[in-house]
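FYI, the numbering just counts along the sequence from 1.
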Amino acid sequence: AQQGRVREKVYGKQKIYFADQEQLPAASDAELRGLDGEIATRSAQLQALQQSCRHLEAELKDLNSSMTTPEMAREIETLRKDCASYSEKLERIKSATNHVTPEEKEKVCREQQLYRREWRRRKRMATELLDAILEGYPKSKKQFFEEVGIETDEDHGVVLPATV
(Lines give C-alpha, C1' and ligand atoms only; values in the text may rest on other atoms or scores of the structure.)
Protein backbone atom coordinates (compact mmCIF):
# COMPACT_ATOMS: atom_id res chain seq x y z
CA ALA A 1 0.00 0.00 0.00
CA GLN A 2 2.92 2.38 0.73
CA GLN A 3 4.45 1.61 -2.65
CA GLY A 4 1.12 2.39 -4.37
CA ARG A 5 0.45 -1.00 -5.94
CA VAL A 6 -2.53 -1.74 -3.71
CA ARG A 7 -4.94 0.67 -2.12
CA GLU A 8 -6.16 0.64 1.43
CA LYS A 9 -9.58 1.71 2.78
CA VAL A 10 -10.36 1.89 6.47
CA TYR A 11 -13.88 1.15 7.72
CA GLY A 12 -13.85 1.60 11.48
CA LYS A 13 -11.53 -1.07 12.84
CA GLN A 14 -11.33 -2.91 9.51
CA LYS A 15 -8.97 -2.27 6.65
CA ILE A 16 -9.66 -3.42 3.10
CA TYR A 17 -6.90 -3.80 0.50
CA PHE A 18 -7.56 -3.96 -3.25
CA ALA A 19 -5.56 -3.54 -6.45
CA ASP A 20 -5.09 0.00 -7.67
CA GLN A 21 -6.90 0.01 -11.00
CA GLU A 22 -5.41 3.31 -12.07
CA GLN A 23 -2.15 1.46 -12.72
CA LEU A 24 -3.88 -0.94 -15.15
CA PRO A 25 -4.00 0.02 -18.82
CA ALA A 26 -7.34 1.51 -19.94
CA ALA A 27 -9.31 -0.53 -22.48
CA SER A 28 -10.21 1.10 -25.75
CA ASP A 29 -13.77 1.31 -27.08
CA ALA A 30 -13.05 -1.43 -29.61
CA GLU A 31 -11.83 -3.75 -26.87
CA LEU A 32 -14.92 -3.01 -24.77
CA ARG A 33 -17.20 -3.73 -27.74
CA GLY A 34 -15.29 -6.96 -28.37
CA LEU A 35 -15.72 -7.97 -24.72
CA ASP A 36 -19.44 -7.08 -24.87
CA GLY A 37 -19.77 -9.27 -27.97
CA GLU A 38 -17.99 -12.11 -26.22
CA ILE A 39 -20.29 -11.72 -23.20
CA ALA A 40 -23.34 -11.87 -25.49
CA THR A 41 -21.99 -14.98 -27.24
CA ARG A 42 -21.26 -16.73 -23.95
CA SER A 43 -24.70 -15.75 -22.59
CA ALA A 44 -26.32 -17.32 -25.67
CA GLN A 45 -24.23 -20.46 -25.19
CA LEU A 46 -25.24 -20.55 -21.53
CA GLN A 47 -28.94 -20.26 -22.43
CA ALA A 48 -28.61 -23.08 -24.98
CA LEU A 49 -26.84 -25.31 -22.46
CA GLN A 50 -29.41 -24.57 -19.75
CA GLN A 51 -32.25 -25.40 -22.17
CA SER A 52 -30.51 -28.64 -23.14
CA CYS A 53 -29.99 -29.46 -19.46
CA ARG A 54 -33.70 -28.86 -18.68
CA HIS A 55 -34.68 -31.08 -21.62
CA LEU A 56 -32.35 -33.87 -20.46
CA GLU A 57 -33.59 -33.59 -16.86
CA ALA A 58 -37.21 -33.89 -18.05
CA GLU A 59 -36.27 -36.95 -20.10
CA LEU A 60 -34.50 -38.46 -17.09
CA LYS A 61 -37.51 -37.84 -14.87
CA ASP A 62 -39.76 -39.47 -17.48
CA LEU A 63 -37.49 -42.50 -17.74
CA ASN A 64 -37.21 -42.84 -13.96
CA SER A 65 -40.99 -42.81 -13.58
CA SER A 66 -41.55 -45.50 -16.24
CA MET A 67 -41.41 -49.22 -15.53
CA THR A 68 -38.25 -51.22 -16.08
CA THR A 69 -38.22 -54.30 -18.29
CA PRO A 70 -38.36 -56.80 -15.35
CA GLU A 71 -41.19 -54.82 -13.73
CA MET A 72 -43.04 -54.80 -17.05
CA ALA A 73 -42.59 -58.57 -17.39
CA ARG A 74 -43.98 -59.11 -13.86
CA GLU A 75 -46.93 -56.83 -14.61
CA ILE A 76 -47.69 -58.70 -17.85
CA GLU A 77 -47.53 -62.03 -16.03
CA THR A 78 -49.90 -60.74 -13.33
CA LEU A 79 -52.33 -59.49 -15.95
CA ARG A 80 -52.21 -62.81 -17.79
CA LYS A 81 -53.01 -64.67 -14.55
CA ASP A 82 -55.92 -62.29 -13.86
CA CYS A 83 -57.19 -62.76 -17.41
CA ALA A 84 -57.00 -66.54 -17.09
CA SER A 85 -58.86 -66.53 -13.77
CA TYR A 86 -61.58 -64.26 -15.20
CA SER A 87 -61.91 -66.49 -18.28
CA GLU A 88 -62.24 -69.53 -16.03
CA LYS A 89 -64.87 -67.77 -13.92
CA LEU A 90 -66.78 -66.81 -17.07
CA GLU A 91 -66.74 -70.41 -18.28
CA ARG A 92 -68.05 -71.63 -14.90
CA ILE A 93 -70.87 -69.10 -15.07
CA LYS A 94 -71.72 -70.04 -18.67
CA SER A 95 -71.70 -73.76 -17.90
CA ALA A 96 -73.73 -73.43 -14.70
CA THR A 97 -76.96 -75.43 -14.78
CA ASN A 98 -78.81 -73.43 -12.18
CA HIS A 99 -79.96 -70.62 -14.48
CA VAL A 100 -83.12 -68.73 -13.65
CA THR A 101 -85.99 -69.75 -15.88
CA PRO A 102 -88.09 -67.06 -17.58
CA GLU A 103 -91.11 -68.15 -15.49
CA GLU A 104 -89.18 -67.67 -12.23
CA LYS A 105 -87.91 -64.32 -13.41
CA GLU A 106 -91.44 -63.20 -14.32
CA LYS A 107 -92.71 -64.34 -10.93
CA VAL A 108 -90.00 -62.37 -9.10
CA CYS A 109 -90.71 -59.27 -11.23
CA ARG A 110 -94.45 -59.49 -10.46
CA GLU A 111 -93.72 -59.82 -6.73
CA GLN A 112 -91.38 -56.84 -6.83
CA GLN A 113 -94.00 -54.80 -8.66
CA LEU A 114 -96.62 -55.78 -6.04
CA TYR A 115 -94.33 -54.86 -3.14
CA ARG A 116 -93.32 -51.59 -4.80
CA ARG A 117 -97.00 -50.64 -5.30
CA GLU A 118 -97.77 -51.52 -1.67
CA TRP A 119 -94.76 -49.51 -0.46
CA ARG A 120 -95.88 -46.48 -2.50
CA ARG A 121 -99.49 -46.82 -1.22
CA ARG A 122 -98.45 -47.09 2.43
CA LYS A 123 -95.98 -44.22 2.12
CA ARG A 124 -98.71 -42.02 0.58
CA MET A 125 -101.16 -42.95 3.39
CA ALA A 126 -98.56 -42.19 6.08
CA THR A 127 -97.65 -38.87 4.41
CA GLU A 128 -101.32 -37.83 4.19
CA LEU A 129 -101.87 -38.76 7.85
CA LEU A 130 -98.76 -36.85 8.99
CA ASP A 131 -99.72 -33.82 6.88
CA ALA A 132 -103.16 -33.79 8.54
CA ILE A 133 -101.55 -33.90 11.99
CA LEU A 134 -99.04 -31.19 11.07
CA GLU A 135 -101.80 -28.75 10.02
CA GLY A 136 -102.60 -28.08 13.65
CA TYR A 137 -99.12 -28.70 15.07
CA PRO A 138 -97.34 -25.50 16.20
CA LYS A 139 -93.78 -26.67 15.51
CA SER A 140 -91.99 -27.66 12.31
CA LYS A 141 -92.29 -31.01 10.56
CA LYS A 142 -88.72 -31.91 11.49
CA GLN A 143 -89.32 -31.17 15.19
CA PHE A 144 -92.51 -33.26 15.14
CA PHE A 145 -90.68 -36.21 13.58
CA GLU A 146 -87.94 -35.96 16.23
CA GLU A 147 -90.44 -35.80 19.13
CA VAL A 148 -92.50 -38.74 17.88
CA GLY A 149 -89.46 -40.74 16.69
CA ILE A 150 -90.39 -41.05 13.02
CA GLU A 151 -87.63 -42.07 10.63
CA THR A 152 -88.22 -41.47 6.94
CA ASP A 153 -86.81 -43.27 3.91
CA GLU A 154 -84.84 -40.15 3.07
CA ASP A 155 -83.17 -40.16 6.53
CA HIS A 156 -81.62 -43.52 5.66
CA GLY A 157 -80.97 -42.79 1.98
CA VAL A 158 -83.56 -45.35 0.80
CA VAL A 159 -85.27 -44.73 -2.53
CA LEU A 160 -88.17 -46.54 -4.12
CA PRO A 161 -86.81 -49.10 -6.63
CA ALA A 162 -87.34 -48.27 -10.28
CA THR A 163 -89.71 -50.25 -12.45
CA VAL A 164 -88.09 -53.30 -14.02
Engineer: Grab the two heavy atoms, one from Phe144 and one from Ile150, that are nearest each other, plus how far apart they are.
Structural biologist: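 Where Phe144 meets Ile150 most closely, the heavy atoms are CE2-CD1, 4.2 Å.
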Engineer: For atom NE2 of His156, decide whether the heavy atoms of other residues, nucleotides or ligands shown that lie under 6.0 angstrom number more than 12.
Structural biologist: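 For His156, atom NE2 is crowded (more than 12 foreign heavy atoms under 6.0 Å).
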Engineer: Could you go through the side-chain contact (heavy atoms from CB on, under 4.5 Å) check for Arg74 and Glu77 one step at a time?
Structural biologist: CA-CA 5 Å; Arg74 282 193 299 272; Glu77 188 60 34; 5.7 Å; no
Engineer: Got Lys61 and Glu57 here, is their nearest side-chain heavy-atom distance under 4.5 Å?
Structural biologist: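 No, side chains not in contact.
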Engineer: With a 4.0 Å cut-off on N to O distance, would you call Lys142 and Glu154 a salt bridge?
Structural biologist: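 Salt bridge flag = no for Glu154 with Lys142.
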Engineer: To the nearest 0.5 Å, how far apart are CD in Gln50 and OG in Ser43?
Structural biologist: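 Reported to 0.5 Å precision, the distance equals 9.5 Å.
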Engineer: Tell me if a side-chain donor or acceptor on Ser52 pairs with a main-chain N or O of Ala48 at a distance below 3.5 Å.
Structural biologist: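 Side chain of Ser52 to backbone of Ala48, a donor-acceptor pair under 3.5 Å: no, none is there.
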Engineer: Answer with yes or no whether the hydrophobic clustering places Leu129 together with Leu134; edges join I, L, V, M, F, W, Y residues whose side-chain heavy atoms lie under 4.5 Å apart.
Structural biologist: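 Yes, Leu129 and Leu134 fall within the same hydrophobic cluster.
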Engineer: Are Met67 and Leu63 co-members of a hydrophobic cluster defined by side-chain heavy atoms under 4.5 Å apart?
Structural biologist: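 No, because Leu63 and Met67 fall into different hydrophobic clusters, even though each may have its own neighbours under 4.5 Å.
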Engineer: Nearest 0.5 angstrom please: Glu31 CD to Arg33 CZ, how far?
Structural biologist: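 Here the rounded value is 10.5 Å.
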Engineer: Using a 6.0 Å cut-off, check whether atom CD of Gln21 has over 12 heavy atoms from anything other than its own residue.
Structural biologist: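 At most 12 heavy atoms, drawn from other residues, nucleotides or ligands, come within 6.0 Å of this atom.
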Engineer: What is the minimum heavy-atom distance between Val159 and Trp119, and which atoms define it?
Structural biologist: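 The answer is O-CH2, 3.8 Å.
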Engineer: Tyr115 pairs by side-chain contact (heavy atoms from CB on, under 4.5 Å) with which of Glu118, Gln112, Glu111?
Structural biologist: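 The residue from Glu118, Gln112, Glu111 that satisfies side-chain contact (heavy atoms from CB on, under 4.5 Å) with Tyr115 turns out to be Glu111.
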Engineer: Under a plain distance cut-off of 3.5 Å, with no hydrogens placed, do Thr152 and Asp155 share a side-chain donor-acceptor pair?
Structural biologist: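 Indeed, the side chains of Asp155 and Thr152 share at least one donor-acceptor pair under 3.5 Å.
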Engineer: Under a single-linkage definition using a 4.5 Å side-chain heavy-atom cutoff for Ile, Leu, Val, Met, Phe, Trp and Tyr, are Leu160 and Met125 assigned to the same hydrophobic cluster?
Structural biologist: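 In one cluster with Leu160: Met125, no.
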Engineer: Tell me whether Gln14 at atom CD has more than 12 heavy atoms from other residues, nucleotides or ligands lying less than 6.0 Å away.
Structural biologist: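 Result for CD/Gln14: open.
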Engineer: From Thr41 OG1 over to Glu38 CD, what is the distance, rounded to the nearest 0.5 angstrom?
Structural biologist: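 Spacing of OG1 (Thr41) from CD (Glu38) equals 7.5 Å.
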Engineer: Take atom OH of Tyr11 as the centre, draw a 6.0 Å sphere, and report whether it contains more than 12 heavy atoms from other residues, nucleotides or ligands.
Structural biologist: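 Atom OH in Tyr11 is not crowded, with 12 or fewer foreign heavy atoms closer than 6.0 Å.
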Engineer: For the CD atom of Glu106 and the SG atom of Cys109, what is their distance to the nearest 0.5 Å?
Structural biologist: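 Glu106 atom CD to Cys109 atom SG measures 6.0 Å (nearest 0.5 Å).
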Engineer: Is it true that the side chains of Arg42 and Gln45 contain a donor and an acceptor less than 3.5 Å apart?
Structural biologist: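 No donor-acceptor contact under 3.5 Å links the two side chains.
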Engineer: A side-chain contact here means heavy atoms from C-beta on lying under 4.5 Å apart; do Lys107 and Arg110 qualify?
Structural biologist: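 Touching, per the 4.5 Å side-chain cut-off.
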Engineer: Hey, could you give me the CD1/CG distance between Ile39 and Leu32, rounded to the nearest 0.5 Å?
Structural biologist: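 That separation rounds to 9.5 Å.
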Engineer: Check whether Val148 and Phe145 end up in the same hydrophobic cluster, where Ile, Leu, Val, Met, Phe, Trp and Tyr are linked by side-chain heavy atoms less than 4.5 Å apart.
Structural biologist: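 Yes, same cluster.
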Engineer: Run the side-chain contact (heavy atoms from CB on, under 4.5 Å) test on Asp62 and Ser66 for me, step by step, so that the C-alpha distance in whole Å, both residues' side-chain angles and the decisive distance to 0.1 Å come before the verdict.
Structural biologist: CA-CA 6 Å; Asp62 188 38; Ser66 64; 5.6 Å; no
Engineer: Identify, with sequence neighbours excluded, every residue that meets side chain to side chain contact (heavy atoms under 4.5 Å, CB included) alongside Ile93.
Structural biologist: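 Side chain to side chain contact (heavy atoms under 4.5 Å, CB included) list for Ile93, sorted by chain: Lys89.
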Engineer: Distance from Arg7 atom CZ to Phe18 atom CZ, nearest 0.5 Å?
Structural biologist: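 Interatomic distance, Arg7 CZ to Phe18 CZ, rounded to 0.5 Å: 5.5 Å.
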